Amino acid sequence: MPPTDDSLRPDIIRRARQGERAAMEAIVRRYQAPVRSWVAAHCPPGGDADEVAQRTFVAAFTRIGEFQEGTDFGAWLFAIARFQLLTEITRLRRLADYQTRYGRDLLSRELERRAQEPDEATAARLHYLRECLEALGESGRQFIAWRYTDGLPLQEMAARTGRSVAAIKKQLWLLRQKLQQCIEGKLAAEGGVVS
Amino acid sequence: MTSEKRFAELWTDYLEGDLDDAGVAELEALLAADESLRARAADLFQTHRLLGFALQDSPAARESFVSSTLARMPLSDDAFVESVMERVHPGTRQLHRATRTRWLLVAGVAAIVLCAVAASLFLRAGTTRPRPQEFLATLTRATDCVWDVPTGPRQGDRLAAGELILRKGVAEITFASGVSLLVEAPANLKLVDATNTALNAGRVVVRVPPAAVGFAVDTPKARIVDQGTEFGVCVEPGRETVVQVFAGSVVAELKGPGASGEKSRRVAAGETMRIDASGPIELQRTAFSPERFLRTFSTPSVHKGEELIPFKPSEVSSQDVLAAPGPVTVDGDLSDWNLSGTFEARCGGRFAEEHYVQGSLMYDKTHLYLAARVGDPMPMRNVIDPNTDPWSAWMGGSVQLRFSTDRTFGWPVQAIKPSQRQGKPSVQDTSGRIVHLTLWYFQPREQPCLELRYGMKLDRGVVNPAGWRGAFRKAADGKSYTVECAIPWTLLGAGDDPPRAGDEMGLCWTVNWSDASGKNWKGQLVEVKNPAYATRGKELTFMHAETWGKAIYK
């Protein structure tokens with residue numbers, strides 16, 4: 001499985017319970033990546049993943065008095081994240097135009113089901129995704145960076161490469177497929193969870 | 001068409017925000033009919049989201065998340081003091097704590113009055129815990145900004161909900177969700193919450209990442225709801241509101257009864273809608289105009305006027321590339337260099353004294369080494385971000401090399417930009433051993449930057465790739481800089497077959513100067529050229545490799 005960083009000192013949570021801001025900051029730094037990536041992977045279309053992640057931390061510190069020392073803080077935090085995500089899903093479903101914009105939310109329901117999975121699944125996906133990106137080749141990585149880092153419009157990518165927008169879409173589909181297959185191959189090789 | 005192919009089309013359009021209502025229905029039908037396809041779609045969606053997370057992850061993004069989260073914590077006593085200060089001086093609402101602290105020191109004489117007011121507010125507040133400051137966004141970039149109050153926000157300040165009036169300049173506001181607003185003065189806008197902004201006057205270009213779809217801009221006449229896109233909104237009070245979509249689509253919802261009963265309309269990429277301020281509210285199509293909005297922050301341009309450095313014919317046709325005498329330390333200090341192969345060239349006329357280049361190249365089995373001392377009255381000011389606009393970076397002051405690393409191409413190199421060639425591109429035109437290199441110093445992060453592009457089509461490349469080393473050093477008198485770098489041959493298409501003594505291959509240097517802004521190009525010097533092309537004709541160096549001079553490896 002991917003390496004995990006579990007370097008939070010035992011006294012940090014106790015100090016956070018006493019209201020020490022520096023301790024809270026240390027906890028946010030330690031858990032921001034796993035919480036944000038987990039929420040991002042399970043938040044339905046139209047949801048604000050980082051907003052849910054922030055609410056998770058705020059809720060956790062508001063209720064930190066309820067945390068039982070000696071138990072698994074990460075598991076407790078993820079339980080809060082699940083609750084916050086459920087709240088976001090409910091909010092979105094109540095939006096008048098959500099059904100129109102995102103259809104009958106079959107995809108959202110599948111994501112919601114997956115939100116009950118152990119969080120290692122997302123951590124593993126993210127870890128292997130980074131590895132698979134490295135293996136993608138320079139040209140492929142450039143496309144992915146244009147799309148996900150720079151947020152370039154398809155038209156701009158087409159102009160930069162002298163290709164049609166349709167060709168760019170096809171290229172993105174192929175790259176996403178390739179990454180998906182690569183991740184699933186690595187998960188399967190470890191006996192990990194694929195879906 | 002197979003269902004697999006159709007799913008690929010629908011799914012890609014879905015992720016790119018290009019799927020219309022009929023497409024959404026078709027995709028839903030496919031997913032409803034096939035459970036395994038539904039699982040596959042969820043897999044692809046999760047990978048899509050994780051790609052967004054992984055590729056937008058950076059120390060700055062992490063820091064922004066941590067600070068935004070901590071800002072929402074209901075904990076510190078000074079949150080109460082801050083909330084009191086905001087109620088006493090609403091104009092300071094948008095200030096970062098550090099700025100506010102400075103202001104407090106200056107306003108120390110008012111402390112007694114403030115304490116009295118604070119006590120009064122505290123009593124009124126009773127035992128209710130004060131609401132902590134919630135920061136929504138950050139002023140990530142600001143150029144020549146003048147706000148309605150002297151204590152207006154500065155670059156890097158975090159912004160809470162509230163009104164912002166920009167008198168002059170251009171500002172970029174970035175929300176924690178990644179939504180960015182490029183605001184062009186004069187403008188009056190109000191940050192409402194994480195997903196809503198109101199624009200009362202002015203121009204804003206909104207970019208919304210996939211994770212933040214649904215972000216809305218309210219104008220007096222309509223609410224513009226994003227569908228995963230980039231769009232511009234212009235409000236001219238008393239005249240009209242214009243919505244222009246550059247990518248994806250938005251839904252414009254009218255705030256009153258439309259003349260034709262229409263309540264909303266989807267506006268797609270390449271479309272523009274106008275809503276007149278007078279008379280009944282009505283959406284009207286109007287001409288799409290790319291120039292209507294400022295979309296790129298750095299907006300580099302060709303500086304026009306008397307100060308433009310004129311082109312000067314080339315006087316150098318070849319350069320010796322020397323074997324490195326030993327290990328090269330890349331630090332901007334050239335004392336470990338063999339500089340006997342250096343060429344010098346100066347701009348013409350009155351520009352000669354301050355605008356020049358002394359260029360040197362060395363090599364060994366693993367690296368190409370480049371060093372240049374560049375005369376520049378305004379050195380190392382480039383503000384063009386390698387992460388967002390590397391294509392334009394040359395205009396903010398840079399050193400560029402174009403060269404071949406394939407000895408079989410000989411000299412002169414016959415590669416041409418494919419669009420300039422009659423017929424099919426040649427092997428040379430698209431070769432990864434034809435390299436265009438740009439070096440610049442990104443002043444805001446004090447970062448040496450390298451962009452490499454391959455082939456004459458310039459459609460493949462990398463920015464700040466792993467393995468390269470670069471250093472810039474400004475001269476003590478502030479009138480020149482030295483750039484030094486080491487680039488592995490593996491990044492130049494020649495990892496398995498680096499140049500060796502006796503090779504003669506194409507090479508051309510270009511030095512670019514900008515004005516004081518660090519983004520507007522004001523001229524260049526092109527040297528080491530084929531004597532047949534010493535004067536500028538229609539054959540430009542980035543399109544015709546035949547114009548390049550010769551690198552002679554010693």
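Per chain, numbering begins at 1; letters A, B, ... match sequence-line order. Note that the structure is a prediction, hence the values are computed from the model and not measured.
Contact annotation for A/R141: neither backbone nor side-chain heavy atoms come within less than 4.5 Å of a heavy atom of chain B. Contacts of A/L126 with chain B are made by both backbone and side-chain atoms, with heavy-atom separations under 4.5 Å. Both the backbone and the side chain of A/A53 come within contact range of chain B, judged by heavy atoms closer than 4.5 Å. B/L15 touches chain A through backbone and side chain together, each having a heavy atom under 4.5 Å away. Contact of B/F175 with chain A is not made at all, since no heavy-atom distance falls under 4.5 Å. Both the backbone and the side chain of A/I144 come within less than 4.5 Å of a heavy atom in chain B.
If you take OG1 on A/T122 and CG on B/L50, they are separated by 6.5 Å, rounding to the nearest 0.5 Å. The CZ atom of B/R460 sits 9.0 Å away from the CD atom of A/E138 when rounded to the nearest 0.5 Å. Atom CZ of B/F53 and atom CH2 of A/W38 lie 13.5 Å apart (nearest 0.5 Å). Interatomic distance, NZ of A/K169 versus OG1 of B/T12, reported as 8.0 Å (0.5 Å rounding).
For the set A/R29, A/R130, A/Q142, A/E25, the count of heavy-atom pairs under 4.5 angstrom toward chain B peaks at A/R29. The greatest number of non-hydrogen atom pairs below 4.5 Å with chain A, out of B/V179, B/V463, B/V462, is found for B/V462. In terms of heavy-atom pairs under 4.5 angstrom with chain A, the leader among B/D13, B/L458, B/V66 is B/V66. Contacts with chain B were tallied for A/A166, A/S139, A/A40, A/G162; A/A40 has the most, counting heavy-atom pairs under 4.5 Å. Interface summary for chain A: among B/T47, B/L31, B/L51, the most heavy-atom pairs under 4.5 angstrom belong to B/L51.
The backbone N or O of B/L55 sits less than 3.5 Å from a side-chain atom of A/T149, completing a donor-acceptor pair. Between the side chain of B/R49 and the main chain of A/C43, a donor-acceptor pair closer than 3.5 Å is present. The closest donor-acceptor contact from the side chain of A/E51 to the backbone of B/A194 lies at 3.5 Å or more, if one exists at all.
Other residues, nucleotides and ligands place more than 12 heavy atoms under 6.0 Å from the CD atom of A/Q18. Counting non-hydrogen atoms of neighbouring residues, nucleotides and ligands closer than 6.0 angstrom, the NZ atom of B/K417 exceeds 12 such neighbours. The neighbour count for A/R63 CZ, taken as heavy atoms of other residues, nucleotides or ligands under 6.0 Å away, does not exceed 12.
B/D43 and A/R176 are not joined by a salt bridge, as no carboxylate oxygen comes within less than 4.0 angstrom of a charged side-chain nitrogen. Between A/K170 and B/E9 there is no salt bridge, since none of the side-chain N atoms of the basic residue sits less than 4.0 Å from a carboxylate O of the acidic one.
When all heavy atoms of A/Y148 and B/G52 are compared, the pair lying nearest together is CD2-N, 3.6 Å. Considering every non-hydrogen atom in both A/Q155 and B/F246, the closest pair reads OE1-O, 4.2 Å. Contact record, A/P153 with B/E230: CG-OE1, 3.9 Å, taken as the closest heavy-atom pair.
A cation-pi contact, defined as under 6.0 Å to the ring centre and within 45° of the axis, links A/R36 to B/F65.
Residues A/Q177 and B/L44 form a side-chain contact, since some pair of their non-hydrogen atoms from C-beta on lies under 4.5 Å apart. Looking only at side-chain heavy atoms (C-beta outward), B/H48 and A/R147 come within less than 4.5 Å of each other. Between A/H42 and B/Q46 the shortest side-chain heavy-atom distance falls below 4.5 Å.
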### Task
Evaluate the side chain to side chain contact (heavy atoms under 4.5 Å, CB included) criterion for residues B/R38 and A/L107: first the C-alpha distance (whole Å), next the side-chain angles of each, then the deciding distance (0.1 Å), finally the verdict.
CA-CA 7 Å; B/R38 200 152 64 235; A/L107 181 61; over 6 Å; no

